[in-house]
Each structure stands twice: as C-alpha cells, then as structure tokens.
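Following: one structure in structure tokens, then a few remarks.
Throughout, numbering of the chain's residues begins at 1 and tracks the sequence. Both ligands and their constituent atoms are indexed starting at 1 by order of listing. Only heavy atoms go into these numbers, but all of them, side chains included; no hydrogens, no water, no symmetry mates.
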Amino acid sequence: MKNPFRRKALRASFGTVLITGASRGIGRALALAMAPFCERLILTARSEADLKAVASQIKGPSVHILVHALTGFESGVALAKKLRKFKGVDTVILNAGVSQNLPFLSATQETLSHEFNVNYFSALGLTQTLLPRLLKSAEPTLVGVSSLTAGVPFPGNANYSASKAALLAWLRTLAVEHSAEGLRTCAVLPGYTDTGIVPEGGSILPAMSPESVAESTVEGLRARKSLILPGWINQLGFRFERTAPVSFDWLVARLAPLVVPGWGSESGDRE
Ligand SMILES: NC(=O)c1ccc[n+]([C@@H]2O[C@H](COP(=O)([O-])OP(=O)(O)OC[C@H]3O[C@@H](n4cnc5c(N)ncnc54)[C@H](OP(=O)(O)O)[C@@H]3O)[C@@H](O)[C@H]2O)c1
C-alpha cells in the first residue's frame, strides 16, 4: 500500500499563467478552471471580444489579455517579447491550434504548412524566447495541448496528428534537456472534444466537453503529471494502441466509414 505521507502535496498555485488560444473551446475552459490556482492570468488569441468575454467571467486573479496571431516561429518570438512587460511567467500553456480536417490527398502545401506553423512552430518560437525567463520561476511549468491523435490515427488528421506528435516529442525532450533547471513539462492529449475545431457532423463518436477536458487537466497539473489523458474512453484507446498498434490501426481503418460520415472506405477519401 502507498504511504500517503510520501505523496507530494497538490500544487496550490501556478503563479503567473499564460494560456494561448484562450478565447474559445478548451483554452477558454482552461482559463476558467485554472483561475482559482493562479495569481495572474495572461490570455491570448486573435479575437479581442472573445478574450474580453472570458476575462469578465474570471474572479480572483488579475487577468490580462493580449491580442496576438500565431502564424509561425516568428509570431511566437513576438508574443514572448510582448510578455516582457510582466514581471515573470511561471506556467505556459501552449493550447492554440488549428485542424484542417482534410484527407491528405486534398491538402495543399499551404494547408499543410499552416497546421504546422500554428500548432508547432509558433510554440517553439514562443518557448525558445521565453524559456530563460520561465526557468527563473520557482516551479517552471510548460504545458502543451497535444492530442490523442498524436498516437492514435484518425481519418482526415494525418498532418494535424503529425504536428501534435511533434509537439509531444519536443516537450518530452525539453523536459530532459532542462531537468537540472527544474523545468516540468506536461502533454495533454484530449480526444474528440466538442469545440469549434471539430467540423459539424464530423464524427458520430461521443465528444467530451471542453469543461471536462479542462477539469482533468487542472487535476493532473496539480498532481504534477507529465502526461494527461482526459476521459476513460480515450485512456482505453491509448492503451489499446500502445499494446497492439497493428490491430488497432486495422480496426480504425475498418471503422472509419462508420464513425466519420462520408469517409469512403475504398479510396480512404471523403466523398
Ligand atoms: N476539440 C478537439 O477535439 C481537440 C482534440 C485534441 C486536441 N485539441 C487541441 O486543443 C487545442 C484547443 O482547440 P479547441 O478544440 O479548443 O479549438 P477551438 O475552439 O477552435 O479553439 C482554438 C483556439 O486557438 C486560437 N487560435 C486558432 N488559430 C490561432 C492563430 N492563428 N493565432 C492565435 N490563436 C489562434 C483560437 O482563438 P482565435 O480564433 O480568437 O484566435 C481559439 O482560442 C488545440 O491545440 C487543438 O489542437 C482539440
């Protein structure tokens, strides 16, 4: 039996927290769920009106909004520079993301690059510039909202999944590179969640709410987890894929036309 006295206390505060993509969906839910455990929240996205609406619902910590478009590495660097006006940052949640939901054969170089620029390279530009300041925190924490699809294939998500797998691998390696300086990284792998990123009628699979994803995330972060898989169905899928990847992929290929309306079983393309 585990000795309860040896378990580390749950984190009570994440200090000053930056959340990207905080205007809607999972980022908005995270801002609301993190608020009781923050001293200051810095929320960023492109939509000022949506950011203001989120900020108005937060009681407790001071809230600052930064309107900023993430379009690639340089835009991440520019965001980090805007953060210099704050005394320090303790926790960064890299959440902003896009998904084109396109079969690979319909994608163009532009759509492929855009997914990687927003989901991956902007996170790199932001982190590389901000990391020296973040490492001055008592408990520097870097969180990346990756995706279950980083390890589990889902039709229409080939390039998106690759961008999320890149984020996951990068975060793990960064934790190793900076472990001596106390950097804690955490990858959050949400499954299908009911937000604007998901196309209308995109799947018949049950979706989680962004609020449940945020609740699991905050719980996991307070317990200092390095990997968070919200929802037991997603945890089951993840374990199945890890144990029997070939069988798992075979099953997904057969089930795709049933769970993704319009997915052609022969061409592997949307009709
Ligand atoms: N929903 C799912 O099923 C699911 C599953 C796994 C992982 N995820 C991940 O969860 C994260 C949040 O997605 P969501 O589901 O909450 O989708 P969402 O509702 O579409 O929210 C995306 C957020 O990112 C911001 N954003 C998008 N493009 C941006 C850009 N170019 N520059 C700056 N901000 C940008 C959006 O704000 P503005 O439009 O105001 O800029 C918004 O706040 C993403 O990384 C996504 O990949 C989602």
Side-chain angles (χ1 to χ4, degrees), residues 18-33 42-55 65-80 82 92-101 110-111 113-123 125-126 143-157 159-168 170-171 186-203 205-214 216-217 227-231 233-234 237-238 259-260:
L18 168 76
I19 306 178
T20 69
S23 60
R24 294 181 273 122
I26 294 171
R28 173 188 175 277
L30 275 173
L32 298 173
I42 307 167
L43 308 179
T44 176
R46 291 166 302 177
S47 161
E48 186 171 14
D50 288 348
L51 285 172
K52 281 184 173 164
V54 178
I65 61 171
L66 284 179
V67 178
H68 190 87
L70 292 167
T71 50
F73 192 91
E74 282 306 324
S75 68
V77 172
L79 176 58
K82 284 186 184 174
V92 174
I93 304 186
L94 304 163
N95 166 74
V98 288
S99 172
Q100 308 281 335
N101 288 292
E110 200 183 333
T111 59
S113 305
H114 182 61
E115 265 176 344
F116 259 84
N117 280 332
V118 179
N119 299 353
Y120 183 60
F121 288 113
S122 66
L126 169 62
V143 183
V145 179
S146 174
S147 167
L148 187 67
T149 62
V152 170
F154 197 76
N157 277 303
N159 187 61
Y160 169 78
S161 304
S163 73
K164 292 296 179 177
L167 191 71
L168 179 63
W170 167 75
L171 268 177
C186 173
V188 186
L189 272 56
Y192 186 37
T193 309
D194 187 13
T195 70
I197 210 171
V198 177
E200 193 97 349
S203 171
L205 290 174
M208 278 185 82
S209 71
E211 289 75 22
S212 321
V213 171
S216 303
T217 303
L227 184 73
I228 298 171
L229 268 157
I233 293 182
N234 299 326
F238 188 77
V259 296
V260 184

Contacting atoms of ligand 1, where contact means under 4.0 angstrom from a heavy atom of [X]:
| X | result |
| --- | --- |
| His68 | 33 (C) |
| Ile26 | 10 (O), 15 (O), 16 (O), 48 (C) |
| Val145 | 9 (C), 10 (O), 11 (C), 45 (O) |
| Ala69 | 32 (N) |
| Ser47 | 40 (O) |
| Gly25 | 16 (O), 19 (O) |
| Ala96 | 24 (O), 34 (N), 45 (O) |
| Lys164 | 44 (C), 45 (O), 46 (C), 47 (O) |

Q: Apply side-chain contact (heavy atoms from CB on, under 4.5 Å) to Ile65 and Lys52, showing your working.
A: CA-CA 7 Å; Ile65 61 171; Lys52 281 184 173 164; 3.5 Å; yes
Q) According to the interplanar angle, ranging from 0 to 90°, do the rings of Trp170 and Tyr120 count as parallel (below 30°), tilted (30 to 60°) or perpendicular (above 60°)? A)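 Geometry flag for Tyr120 against Trp170: perpendicular rings.
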**Q.** Residue pair Thr195 / Ile26, side-chain heavy-atom distance below 4.5 Å
**A.**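 Yes, at least one pair of side-chain atoms sits under 4.5 Å.
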Q. Would you say Thr193 and Val198 make side-chain contact, with heavy atoms under 4.5 Å?
A.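 No - every pair of side-chain heavy atoms lies 4.5 Å or more apart.
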Q: Tell me, please, which residues at least two apart from Ser163 pass side-chain hydrogen bond (donor to acceptor under 3.5 Å, both in side chains).
A: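 Ser163: side-chain hydrogen bond (donor to acceptor under 3.5 Å, both in side chains) contacts with Asn119.
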Hey, looking at [atom], which of [options] has the closest heavy atom?
| atom | options | result |
| --- | --- | --- |
| atom 8 (N) of ligand 1 | Phe154, Tyr192, Tyr160 | Tyr160 |
| atom 11 (C) of ligand 1 | Thr195, Leu205, Leu51, Asn95 | Asn95 |
| atom 5 (C) of ligand 1 | Gly144, Ala214, Ser75, Gly191 | Gly191 |

Nearest neighbour in protein (non-hydrogen) for [atom]:
| atom | value |
| --- | --- |
| atom 13 (O) of ligand 1 | Ile197 CD1, 4.0 Å |
| atom 3 (O) of ligand 1 | Thr193 N, 2.8 Å |
| atom 25 (C) of ligand 1 | Gly21 CA, 3.6 Å |
| atom 27 (C) of ligand 1 | Arg46 NH2, 3.5 Å |
| atom 6 (C) of ligand 1 | Pro190 O, 3.2 Å |
| atom 32 (N) of ligand 1 | Leu70 N, 2.8 Å |
| atom 37 (O) of ligand 1 | Ser23 OG, 2.9 Å |
| atom 20 (O) of ligand 1 | Arg24 NH1, 3.0 Å |

Without swapping roles, check the side chain of [X] against the backbone of [Y] for a donor-acceptor pair under 3.5 Å.
| X | Y | result |
| --- | --- | --- |
| Lys82 | Val67 | yes |
| Asn101 | Gly156 | no |
| Glu211 | Ala29 | no |

Region of [X] that comes within reach of ligand 1 [heavy atoms, distance under 4.0 Å]:
| X | result |
| --- | --- |
| Ser146 | backbone |
| Val98 | side chain |
| Val198 | side chain |

Q: Check Leu18, Leu126, Ile19, Leu70 against Leu94 for a side-chain contact (heavy atoms from CB on, under 4.5 Å) and give me the one that passes.
A: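 Answer after filtering Leu18, Leu126, Ile19, Leu70: Leu126.
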Q | Identified side-chain contact (heavy atoms from CB on, under 4.5 Å) partner of Ile93 from the options Val145, Thr217, Thr20, Val188 | A |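 The passing option is Val145.
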Q: Output the distance between atom OG1 (Thr71) and atom CZ (Arg46), rounded to the nearest 0.5 Å.
A: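 CZ of Arg46 is found 10.0 Å from OG1 of Thr71.
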Q.
I need the minimum non-hydrogen distance between Val98 and Tyr160, along with the two atoms involved.
A.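 In this case the closest contact between Val98 and Tyr160 is O-CD1, 3.3 Å.
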**Q.** Considering all heavy atoms, the nearest Ser146-Leu168 contact
**A.**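 Closest heavy-atom pair between Ser146 and Leu168: OG-CB, 4.1 Å.
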Q) Would you say His114 and ligand 1 have an N/O pair spaced under 3.5 Å apart? A)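 For ligand 1, there is no N or O atom that lies under 3.5 Å from one belonging to His114.
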(Q) Can you list everything that forms a side-chain contact (heavy atoms from CB on, under 4.5 Å) with Ser23? Sequence neighbours excluded, please. (A)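 Scan of Ser23 (side-chain contact (heavy atoms from CB on, under 4.5 Å), adjacent residues dropped) gives Ala45, Asp50, Leu51.
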